[in-house]
Amino acid sequence: MIEKALQQAAVSESEQEFAILRDNFNRKISYMRISITDRCNLRCTYCMPAWGFEWMDRNSLLTYDEIFRLVRVAAKRGLYKVRITGGEPLVRDGVVDFVAGINAIEGIREIALTTNAVLLKKYAQGLKDAGLQRVNISLDSLDPKKFEEITRGHVFWKVWEGIEEAERVGLNPLKINVVLQNGVNDMEAVDFAKMTIDKPYDIRFIEYMPVNDYEDWRSKYIPVAEIKERISRELGELLPVTEKESDGPSKNYHLDGAKGVVGFITAISDNHFCEKCNRVRLTADGKIRPCLFSAIEVDFLDALRNNCSDEDLDLLFDQVLGIKPQAHDLDKFSEEKMLKAMVNIGG
């Protein structure tokens with residue numbers, strides 16, 4: 001009897017382990033970035049071209065109910081964190097109710113949102129009440145004129161109002177993402193880092209990546225190691241912060257006595273985070289990409305609109321797990337691997 005019970009327990013444990021979202025490199029996938037639209041109210045230079053961009057057909061976008069179903073299936077296999085992205089997610093109607101719907105899914109424990117904050121003042125309280133816990137805000141310059149050049153939008157003060165409102169309603173920690181561009185905004189790095197002295201913000205510097213301008217991206221690239229050195233030289237030693245799972249790919253530090261954090265995301269110079277990658281990306285048109293820097297993806301939209309079962313969706317998730325690469329190999333660029341437009345993928 002004891003032997004039989006042990007055998008049954010072993011089978012049960014094996015079945016449970018099989019059900020977990022685990023790729024071929026023994027990484028558990030617990031985090032999904034969900035793009036709910038490719039539309040955006042800005043046109044940042046590193047994200048999309050100034051003109052000639054073709055939006056996705058609205059009929060090809062996943063409905064909120066279709067997204068809920070995907071998340072429910074994945075949550076049964078260990079998914080517990082969701083980040084809502086775009087485009088700009090706040091331009092899609094019903095986003096507050098969408099957050100509430102995600103929050104109601106059993107197993108989901110963390111909900112975050114990435115935004116340019118243009119509309120955040122309007123929605124921050126409602127999002128917080130619906131279950132949103134954190135926001136990442138894109139802000140690449142503290143100079144209104146330079147901000148306008150980078151984003152092609154005259155909305156700098158709206159973004160600041162959004163930041164202040166997010167802080168007021170308690171969407172913490174409030175993370176501000178700065179995409180570094182050599183000769184454009186890299187000289188502002190020290191000013192951004194200074195913000196953390198008096199504000200409990202996470203300022204995160206992100207290396208410039210090859211998106212729209214494959215031919216020219218290297219001229220705009222600057223390694224964050226250089227930025228880190230500048231900050232240390234001007235403001236004092238950057239002290240390591242104890243790593244948390246919510247930090248994601250960011251290596252975090254703080255200045256002595258500072259209220260906030262200075263983080264560095266080294267997508268180009270050091271892909272240390274690939275070995276711990278726990279995420280996949282759901283595009284607005286229903287494709288799941290297991291790696292940001294690869295064209296490989298699995299289409300879920302067709303299955304969802306052809307009366308698939310949850311078991312069919314599980315099989316598609318297994319396909320995603322099977323094709324997730326060990327690392328992004330950004331040092332082996334080709335035209336085919338280039339990111340055509342970040343707005344299509346969700347970052």
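FYI, the numbering just counts along the sequence from 1. Keep in mind that the numbers below use all heavy atoms, side chains included, and drop hydrogens, waters and symmetry copies.
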N/O donor-acceptor pair under 3.5 Å between Asn252 side chain and Val261 backbone | no

Quick one: NZ on Lys251 to OG1 on Thr266, what's the gap to the nearest 0.5 Å?
-> 6.0 Å

How about Thr63 and Leu304: do any of their side-chain heavy atoms sit closer than 4.5 Å?
-> no

Leu139 CG to Ile150 CD1 distance, which is reported to the nearest 0.5 Å = 9.0 Å

Quick one: are Phe192 and Val262 in side-chain contact, heavy atoms under 4.5 Å?
-> no

Where do Thr37 and Glu88 come nearest, in terms of heavy atoms and distance?
-> CG2-O, 3.4 Å

Where do Lys324 and Cys277 land on the side chain to side chain contact (heavy atoms under 4.5 Å, CB included) test, with the steps shown first?
-> CA-CA 10 Å; Lys324 186 172 175 63; Cys277 184; 3.2 Å; yes

Indicate yes or no: at least one non-hydrogen side-chain atom of Tyr208 is less than 4.5 angstrom from one of Ile222.
-> no

How far apart are the C-alpha atoms of Phe68 and Asp65, what are their side-chain angles, what is the distance that settles it, and do they pass the side chain to side chain contact (heavy atoms under 4.5 Å, CB included) test?
-> CA-CA 5 Å; Phe68 293 152; Asp65 284 340; 3.7 Å; yes

Is the side chain of Lys128 donor-acceptor paired with the backbone N or O of Gly170 at a distance under 3.5 Å, no angle test?
-> yes

For the residue pair Arg230 and Asp186, establish whether any side-chain heavy-atom pair is separated by less than 4.5 Å.
-> yes

So, does Arg72 use its side chain to make a donor-acceptor pair with the main chain of Glu106 at under 3.5 Å?
-> no

Determine the minimum heavy-atom distance between Ile36 and Ala284, stating which atoms define it.
-> C-CB, 4.0 Å

Are the side chain of Arg43 and the backbone of Arg152 linked by a donor-acceptor contact shorter than 3.5 Å?
-> no

Heavy atoms, side chains only, cut-off 4.5 Å: are Phe317 and Val298 in contact?
-> no

Pick from Ile163, Val135, Thr196, Asp202: which one makes a side chain to side chain contact (heavy atoms under 4.5 Å, CB included) with Ile176?
-> Ile163

Would you mind reporting whether Pro223 and Glu229 have side-chain heavy atoms less than 4.5 Å apart?
-> no

Report yes or no: do Ile197 and Ile231 belong to one cluster of Ile/Leu/Val/Met/Phe/Trp/Tyr joined by side chain heavy-atom distances under 4.5 Å?
-> yes

Should we say atom CG of Asn307 is surrounded by more than 12 heavy atoms from elsewhere, each under 6.0 Å from it?
-> no

Distance-minimising heavy-atom pair for Arg134 and Asn172 | CG-O, 3.4 Å

Partner of Lys121 under side chain to side chain contact (heavy atoms under 4.5 Å, CB included), chosen from Glu165, Glu164, Lys158 = Glu165

List in chain and number order the residues that pass ring pair (Phe, Tyr, Trp, His ring centres under 6.0 Å) with Phe25, two or more places apart in sequence or in another chain; answer none if no residue qualifies.
-> none

Mind checking what makes side chain to side chain donor-acceptor pair (under 3.5 Å) contact with Arg279, not counting sequence neighbours?
-> none

Residues in side chain to side chain donor-acceptor pair (under 3.5 Å) with Glu237, at least two apart?
-> none

Tell me, which pairs form a ring-ring contact (aromatic ring centres under 6.0 Å, His included) where one or both residues lie in residues 102-144, sequence neighbours left out?
-> none

Quick one: pull up CZ in Arg69 and CZ in Phe300 and give me the separation to the nearest 0.5 Å.
-> 11.0 Å

List for me each residue that meets salt bridge (Lys or Arg N to Asp or Glu O under 4.0 Å) alongside Lys146, sequence neighbours excluded, and say none if there are none.
-> Glu188

Minimum heavy-atom distance between Val96 and Ala130, given as atom pair plus value = O-CB, 3.5 Å

Does Arg204 use its side chain to pair, donor to acceptor, with the backbone of Asn177 at less than 3.5 Å?
-> no

Shortest non-hydrogen contact from Ala75 to Ile105?
-> CB-CG2, 4.2 Å

Distance col, row His254:NE2 vs Leu238:CG, nearest 0.5 angstrom, shows 9.0 Å

Verify whether one side chain among Thr283 and Arg289 offers a donor that lies under 3.5 Å from an acceptor in the other.
-> no

Arg58, CZ atom: more than 12 neighbouring heavy atoms under 6.0 Å = no

Kindly write out the residues that satisfy salt bridge (Lys or Arg N to Asp or Glu O under 4.0 Å) with Lys194, not counting sequence neighbours, or none if the list is empty.
-> none

Is the side chain of Arg168 donor-acceptor paired with the backbone N or O of Ala124 at a distance under 3.5 Å, no angle test?
-> no

Any donor-acceptor pair under 3.5 Å linking the side chain of Asn185 with the backbone of Val179?
-> yes

Atom CG of Asp256: over 12 foreign heavy atoms under 6.0 Å | no

Who passes salt bridge (Lys or Arg N to Asp or Glu O under 4.0 Å) against Lys122, sequence neighbours left out?
-> none

Worked verdict on Val184 versus Lys220 for side chain to side chain contact (heavy atoms under 4.5 Å, CB included) | CA-CA 8 Å; Val184 177; Lys220 297 176 182 176; 5.6 Å; no

Tell me, please, which residues at least two apart from Lys287 pass side chain to side chain donor-acceptor pair (under 3.5 Å).
-> Asp285

When you look at Asn278 and Lys81, which way does the side chain to side chain contact (heavy atoms under 4.5 Å, CB included) test go after all the steps?
-> CA-CA 10 Å; Asn278 64 342; Lys81 178 178 179 179; over 6 Å; no

Between the main-chain N or O of Ser309 and the side-chain N or O of Asp312, is there a donor-acceptor pair closer than 3.5 Å?
-> yes

By side chain to side chain donor-acceptor pair (under 3.5 Å) - contacts of Arg109 (at least two apart) | none

Under the ring pair (Phe, Tyr, Trp, His ring centres under 6.0 Å) test, which residues partner Tyr253, sequence neighbours left out?
-> Phe264

So which heavy atom on Ser35 is nearest to which on Gly87, and how close?
-> OG-N, 4.4 Å

According to a 4.5 Å side-chain heavy-atom criterion applied to Ile, Leu, Val, Met, Phe, Trp and Tyr, with indirect links allowed, do Tyr31 and Leu21 form part of one hydrophobic cluster?
-> no

Would you please say whether a donor-acceptor pair under 3.5 Å links the side chains of Glu167 and Tyr201?
-> yes

For the side chain of Asp38 and the backbone of Met56, is there at least one donor-acceptor N/O pair under 3.5 Å apart?
-> yes

Distance-only polar pair, side chains of Asn116 and Asn41, donor-acceptor under 3.5 Å = yes

For Glu148, check salt bridge (Lys or Arg N to Asp or Glu O under 4.0 Å) against everything at least two apart and list the hits.
-> none

State, with a plain yes or no, whether a side-chain heavy atom of Ile265 is found less than 4.5 Å away from one of Phe205.
-> no

For Tyr64, the ring pair (Phe, Tyr, Trp, His ring centres under 6.0 Å) test, sequence neighbours excluded, returns Phe98

Do Leu127 and Leu120 come within less than 4.5 Å of each other through their side chains, counting heavy atoms only?
-> yes

Output yes when a side-chain donor or acceptor of Glu207 lies under 3.5 Å from a complementary backbone atom of Tyr221, and no otherwise.
-> no

